[in-house]
Amino acid sequence: MAPAICSRNPFVSTRAEPAKSLTLAEKQWYHKLIFNGVEGELTTEKKALIFDVQRYSVHDGPGIRTLVFFKGCPLRCKWCQNPESISKQREIAFFSNKCIGCGECAKACPKGAITFEGPGRINRSLCDRCGKCTETCYAEALVTVGKEYAVSDLLDVVERDRPFYRQSGGGVTVSGGEPTAQFSFLLDFLKAAKAADLHTVMETCGSCAWSKLEQLLPYLDLIHFDLKIIDAKAHRRHTGAGNRSILTNARKLVESSANMVFRVPLVPGMTATSENVLDIIDLLSEFEHDRIHLLPYHKMGESKLERIDSTLEPLNLEPLSDEDVAAIKVQFEAAGISVLIGGG
Ligand code: SF4
Ligand code: SF4
């Protein structure tokens, strides 16, 4: 069975350090590359807040891939499977099933933000996300979500699986969140990745300035572009933002012959309505674009909401049946659009 929307990343501890580091000479080479030959200290290199790096993925582009999840997203989709990606800031997640009630976090917290009342552990109105509680929580019930990486550090992690990429035709996929929300770092990272001869894929919601997307194009081998809802009002109602720039960017990418695949999350009553499916078929026909990925909704991301005290409400919808998904697939195929269920 192909994967649904994405089961990509549980919250992970940010304590793990890379097993292997680039040599100083390699770091200096990347640094020169990134700064166009200008000498400088490595500490001046740009940094990005990344909330997960997932190795050995086979669903987010060709071959075996390393997925890099950027923090921050301009949308706020009701069905978001990575709610920890939405905020641009570092967050503290609480896993109630791991808490042993030792109280060490309360002793460590300088803000008096630890509470033992209610299901959570943190009074978010007092917490400044300093992370001191996570350092003392040996049960790993409190975990920091979001870790800063410099370009060379991220490449260091991605490079570890180069033998797998070579054998499988894989590479690195930047995802999120919305990777373009940390544009300056992203551009440098993709430049360095291409200079290191890595295959690059970007998963994007498409909500960013065209001038930014245009700059990224020379360094992207493939774009996975999310098409959610075509009707502007419904898009705003279910994602918290308009879709004008998204549709404009989709059109411009097609016109510039970018190698891209549109992906549609199938959320009952939101994106998987008969009107929206027809609207998307019409748009792809107008674009003369003949392939799409359909990503059926699942509930797996909703358990993450209470860990970060998200203000998003769990949808708790029943996923579409296999028959319903198959019927939508047939609609696209009848319009000459080939369909892959799940990522790929
Ligand atoms: S330190 Fe961790 S395990 Fe101990 S009470 Fe706090 S959250 Fe629970
Ligand atoms: S992150 Fe800092 S302020 Fe927030 S609960 Fe933990 S120790 Fe307290």
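Atoms within each ligand, like the ligands themselves, are counted from 1 in listed order.
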Value rounded to 0.5 Å, distance of SG in Cys99 from CD in Glu140: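 One finds 13.0 Å between SG of Cys99 and CD of Glu140.
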Contact partition for Ile114 relative to ligand 2, non-hydrogen atoms under 4.0 Å: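 Only the side chain of Ile114 comes within reach of ligand 2.
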Atoms of ligand 1 close to Ala139 [distance to a heavy atom under 4.0 angstrom, numbered from 1]: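 Listed by number with element: 3 (S).
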Atom indices of ligand 1 within 4.0 angstrom of Gly101 heavy atoms, with elements: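 Counting atoms of ligand 1 from 1, those under 4.0 Å from Gly101 are 5 (S), 8 (Fe).
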Atoms of ligand 2 close to Asp128 [distance to a heavy atom under 4.0 angstrom, numbered from 1]: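 Per the distance check, 2 (Fe), 3 (S).
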Per-atom contacts, ligand 2 versus Ile92 - under 4.0 Å to a heavy atom: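 Reading through ligand 2 atom by atom, the close ones are 1 (S).
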Distance under 6.0 Å and angle within 45° of ring axis: Lys329 vs Phe332: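 Judged by the rule (NZ or CZ under 6.0 Å from the ring centre, within 45° of its axis), Lys329 is not positioned above Phe332.
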For [atom], closest protein heavy-atom neighbour:
atom	answer
atom 5 (S) of ligand 1	Gly103 N, 3.2 Å
atom 7 (S) of ligand 1	Leu142 CD1, 3.6 Å
atom 6 (Fe) of ligand 1	Cys105 SG, 2.3 Å
atom 4 (Fe) of ligand 1	Cys102 SG, 2.2 Å
atom 3 (S) of ligand 1	Ile100 N, 3.4 Å
atom 8 (Fe) of ligand 2	Cys109 SG, 2.3 Å

Cys130 backbone or side-chain N/O/S under 2.8 Å from atom 4 (Fe) of ligand 2: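 No, outside the cut-off.
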[Y] and [X] side chains, donor-acceptor separation under 3.5 Å:
X	Y	result
Thr66	Arg55	no
Arg65	His59	no
Glu117	Thr115	no

Does [X] use its side chain to pair, donor to acceptor, with the backbone of [Y] at less than 3.5 Å?
X	Y	result
Ser310	Leu305	no
Asn276	Lys228	yes
Asn82	Gly176	yes

Lys71 and Glu148 ion-paired at < 4.0 Å: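 Not counted as a salt bridge, because no side-chain N and carboxylate O are separated by less than 4.0 Å.
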Aromatic plane relationship, Phe51 with Phe69 - under 30° parallel, 30 to 60° tilted, over 60° perpendicular: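 Geometry flag for Phe51 against Phe69: tilted rings.
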Short N/O/S contact of Cys137 with atom 8 (Fe) of ligand 1 (below 2.8 Å):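 Given the 2.8 Å cut-off, Cys137 does not count as a ligand of atom 8 (Fe) of ligand 1.
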Contact flag Cys133/atom 2 (Fe) of ligand 2, N/O/S atoms, threshold under 2.8 Å: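 It does not: Cys133 brings no N, O or S atom closer than 2.8 Å to atom 2 (Fe) of ligand 2.
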Heavy atom of Gly131, distance to ligand 2 below 4.0 Å: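 For ligand 2, residue contact (heavy atoms, under 4.0 Å) with Gly131 is present.
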